[in-house]
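Basis for what follows: all heavy atoms, side chains included, without hydrogens, waters or symmetry-related copies. Atoms within each ligand, like the ligands themselves, are counted from 1 in listed order.
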Amino acid sequence: MTISNWRCGKFSIPLDKPCVMGIVNVTPDSFSDGGRWSTKDRAVEHALQLQKEGADILDIGGESTRPGAKEVSLNEELDRVIPVIEELSHCGLPISVDTSKPQVMKEAVKAGASIVNDVFALQAPGAKEVVAQEDCGVCLMHIQGTPCLMQRNPKYDDLMQEVKSFLLTQTQQLETLGVESERICLDPGFGFGKTVSQNFELLNKAKEFVQLGYPVLYGMSRKSSLGRVTGINVPSERMVASVVAHLIAVQNGVQIIRVHDVAATVQALKIWNSTQYYKELL
Ligand code: 8Y7
């Protein structure tokens with residue numbers, strides 16, 4: 001079973017070719033000289049740059065989800081992401097909001113976001129109801145534990161089975177609330193409560209998630225497991241590793257990839273696409 005489109009509000013995102021979600025972080029810049037560029041302006045500028053580089057979706061996040069990151073208050077998160085979403089809502093690309101807070105989801109969709117991307121898979125009280133009331137797409141990601149504690153001691157009896165069954169349980173609950181399956185995307189959560197070995201098992205077995213019949217998203221960009229096996233300690237230097245990891249996911253049928261380095265990823269995908277569609281080449 002192959003799914004042809006991901007329905008996200010006014011967008012129907014085609015999945016016949018891999019789709020690139022560009023990462024846009026809206027976080028105050030500690031090196032800022034104090035005013036020439038606001039946090040909002042920097043984020044919008046970066047998002048438009050990723051659009052130029054060929055991103056298909058822009059993922060806007062105001063809360064760091066990195067291991068050990070500290071939490072951001074509701075008002076702070078709203079102040080960060082809503083103005084950026086409003087400004088980008090007319091750029092022509094579907095906007096995704098990276099949040100776990102139901103109120104942020106609701107305000108973001110009202111401001112023009114078409115996708116809710118939640119690393120907690122809508123487990124917060126009221127989150128599923130917000131998505132059910134709107135017409136947006138949603139990405140459900142698997143996590144074991146919380147960002148603060150997840151890397152302490154990840155444990156599974158059967159990794160693939162547990163991740164799949166978690167995602168399908170969340171999906172079923174959403175569908176019971178009236179959310180159409182065409183709106184739901186699944187993500188195994190590379191790096192979220194998994195060992196290096198478990199992360200690469202998820203990548204190796206990506207086809208098993210694709211076979212569930214929903215669009216599948218993988219986000220591995222610059223993550224520490226890529227650093228561990230390459231010996232590259234600086235995240236921004238992991239571009240080649242990231243591009244290769246995402247290309248492996250795509251080769252295994254994954255339709256959506258979430259990346260920082262959009263230009264390099266798009267370049268790689270043009271080669272991959274050419275192997276799939278060579279009959280269309282001159
Ligand atoms: C993922 C994600 C992050 C991911 C999805 C980072 C917000 C950590 N990772 N969302 N978000 N999948 N769907 O290093 O893997 O980018 S934050």
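At a 4.0 Å heavy-atom cut-off, ligand 1 touches Phe192 through the side chain alone. Residue-level proximity to ligand 1 for Lys223 is carried by the side chain, the only part with a heavy atom below 4.0 angstrom.
In this structure, Asp187 CG and Leu167 CG are separated by 8.0 Å, a value rounded to the nearest 0.5 Å.
In terms of polar-atom proximity, Asp187 is counted as a contact of ligand 1, with an N or O under 3.5 Å from an N or O of the ligand. In terms of polar-atom proximity, defined here as any N/O pair under 3.5 Å, Cys139 makes no such contact with ligand 1. Ligand 1 has no N or O atom lying under 3.5 Å from any N or O atom of Asp59, backbone or side chain.
Listed by number with element, the atoms of ligand 1 under 4.0 Å from a non-hydrogen atom of Leu217 are 12 (N), 13 (N). Below 4.0 Å from some heavy atom of Asp98 lie the following atoms of ligand 1, by number and element: 7 (C). Of all atoms in ligand 1, numbered sequentially from 1 with element shown, those under 4.0 Å from a heavy atom of Val119 are 2 (C), 7 (C), 10 (N), 11 (N). Heavy-atom proximity to Gly219, at under 4.0 Å, picks out these atoms of ligand 1: 15 (O).
Residues Glu63 and Thr99 bring no donor and acceptor atom of their side chains to less than 3.5 Å of each other. In the model, Trp6 has no side-chain atom that pairs as donor or acceptor with a side-chain atom of Glu182 under 3.5 Å. Gln49 and Glu53 form a side-chain donor-acceptor contact under 3.5 Å, judged by distance and modelled atom types alone.
Here the closest heavy-atom approach between residue Val24 and residue His46 is recorded as CA-ND1, 4.3 Å.
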Determine whether Gln170 and Lys128 satisfy the following criterion, side-chain hydrogen bond (donor to acceptor under 3.5 Å, both in side chains), listing intermediate values before the conclusion. CA-CA 9 Å; Gln170 301 306 315; Lys128 290 188 178 72; 2.8 Å; yes
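By heavy-atom distance, the residue among Arg222, His260, Arg258 lying nearest atom 16 (O) of ligand 1 is Arg258.
The residue from Gln144, Glu201, His142 that alone fulfils the side chain to side chain donor-acceptor pair (under 3.5 Å) condition with Lys194 is His142.
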